[in-house]
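Below is one structure; the comments refer to it alone.
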Amino acid sequence: MRTKAMPYIAIFLLLFLKVMAFRIVIFDAKSIFHIAFVEFPVWAFLLAVALLLFKKRVWLTAGIFNLLVSGVFFAVVLYSRYYSTIPSYYDLRQTTQSGTVGTTILLLINPLDFLFFLDAVILIVLARRWGKLPKLNSLKYAAAGLAAISVFTTVYAIKQPIIDISFFAKENGYAQSQLVQMYNHLNEKAHASGTETKLSAKELEALKGNEYVPVNNHASFGLAEGRHLFMIQVESMQNFTVNKSINGQEITPNLNKLIEESAYFSNVFQQIGAGTTSDAEWMGNTGLYAEGMAPTVNDLNGKEVPSLSRTLKKEGYGSATYHADDVTFWNRDVLYPALGFDEVFTVEEIPDKDQVGYGPSDEVLMDFALDELPRQLDTYERVYSNIVMMTSHTPFILPAEMQHLELPAEYEGTHVGHYLQSIRYADEQIGKFVEELKDQGLYDESLIVIYGDHSGIHGSPLSEEDALLLKDFLGHPYTMKERLTVPLVMAGGGLFEGEEFGRLGGQVDIMPTTLALLGVEHATPMMGHNLFEYEKNLLAMRYYMPGGSFVQSEQLYKAPGAKLPDELRDMKTMEKRAKNSATKKHIRNAQEILKYGDALLKPYIDK
């Protein structure tokens, strides 16, 4: 019996070792007990079922199963390196996007990752040694036992709230975390008409620490009334590059010059989820939170969304959006109709030339948008142009003729060096666009809103060498605040006098602030508020920070994640501080805000 069972024991032992390696890499978790009784049984049960179904081809079945599991673990490791969270079954719907970011994926791979596939080689060796295996009757009893353990741990996990998926998977098992999410997804569909969280505008503002003021009573209301609107979303632009120089050269000279006659918000945090750039588009055009673990655009049900373009349409605006990529990427073929843009321009219309990275360069994009303006000005009373830049996307590698910086030798060929060059290029295109508006006499008739979509410097592409370069560039270590803050600049002839606002903001605040300046009221609730009016803020964070995290005007709280404990930092100094009663209050308030945000989002997504 021992000899007969030995090959089967070897097959399951290899799987156990792989699961253990996975837990160590992803969660830094080394508890043999937890692995043996929580994480491993689900995978072992699936293997046992496969071996029972294909009992005449044990080695082939074990090999294919282990390769599939290796592929899953390999993908999870790469994903977690870049996004600092684990993927879920939601992210399987993003596999069609991988071709567009293939170069980025190559940056994430460590040769040691391929050790996940080592067992395939070992299985081949064992198969040749032991040959065809006889049926093992006790396997069905082992499968039953494994099933019982798996059911118990999964049922236990279902009863636990998912605040952060990585922490949840660490405590309850990765496989269980996927099963629980599937269960919750189906349960939400079955109870879609249940009670929703509702907050009045006054209650929402109180949670953020402010007294509510009707928008038409705001001091900035109508400051840019009747003007054209140009929204420019800049790929991967982080705030730490603004007003900074290297080797005697400004990183963003054009933006710096524009800021001298603009309102510049220097403490605005990204709030994107799995949808990255498309989530930023969503928030900028709806004032609503993104979904989080799933890209919001992937779950849109096709209903018309109360949006910036729809609200402005009532004021005589015609709207157009520009993005030099395939319209199906991030489901923009669904997003743009939902947002109600009158005109949509993608790679089908934008000239397919001057290819850089994933499509035509930003110079081609901006020139195309400018060329469309005369016709639009003849067609519409006012124009709203939404321009999504793309050239400064990971991996940030530009041809020599597009590189405007002479970097110190130690920056050449580094991830940070490539990033600074790409931001300098983006800045050049912004400068040309603004100058063209001035040349056409449109600058004094326009409101120009410029903001970054998300961080560019994060994840495993940031090597130890890059971290040292950033420390040298910044004068201090690269912090969470620098990673997550993006610039927000509002400009237009005669509107502002170069004031910088350090008050806390989020991407959900972009649309409310813009509409207030234009003197336009939005008919439906938004999660954000007018940054010119309110001093305090509270942002519920998830995805790029563990669920349960928040950013508040005085505190930044990072909830416990897969590897690290929770921590509280001072927003000004980024130094650690002890949690206090205010921290607990903000955690509760942030969760209320997030629940309300999900309730506002729910009518427009297919859950």
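Count residues from 1 along the sequence.
Within a 6.0 Å sphere centred on NZ of Lys257, other residues, nucleotides and ligands contribute 12 heavy atoms or fewer. Heavy-atom neighbours of Glu406 CD from other residues, nucleotides or ligands within 6.0 Å: at or below the threshold of 12.
For Lys438 and Tyr443, the positive end sits near the middle of the six-membered ring, less than 6.0 Å away and at most 45° from its axis. Because its NZ or CZ atom is both nearer than 6.0 Å to the ring centre of Phe473 and within 45° of the ring axis, Lys244 counts as a cation-pi partner of that residue.
A salt bridge does not link Glu575 to Arg577: none of the charged nitrogens lies less than 4.0 Å from a carboxylate oxygen. Using a 4.0 Å cut-off between charged side-chain N and carboxylate O, Glu436 and Lys432 make no salt bridge. Between Asp509 and Arg503, none of the side-chain N atoms (NZ, or NE/NH1/NH2) sits under 4.0 Å from a carboxylate O, so this pair counts as no salt bridge. With respect to Glu250 and Arg424, no salt bridge is recorded, no charged nitrogen being found less than 4.0 Å from a carboxylate O.
Residues meeting the salt bridge (charged side-chain N to carboxylate O under 4.0 Å, His left out) test with Lys572, sequence neighbours left out: none. Taking Lys579 as the reference, Asp566 meet the salt bridge (charged side-chain N to carboxylate O under 4.0 Å, His left out) condition, with sequence neighbours excluded. With sequence neighbours excluded, no residue satisfies salt bridge (charged side-chain N to carboxylate O under 4.0 Å, His left out) with Lys208.
Of the N and O atoms on the side chains of Asn386 and Tyr336, not one donor lies less than 3.5 Å from an acceptor on the other residue. Under 3.5 Å, the side chains of Glu235 and His454 contain a donor-acceptor pair of N or O atoms. Under 3.5 Å, the side chains of His404 and Asp427 contain no donor-acceptor pair of N or O atoms.
Not one N or O on the side chain of Trp330 forms a donor-acceptor pair closer than 3.5 Å with the backbone of Leu335.
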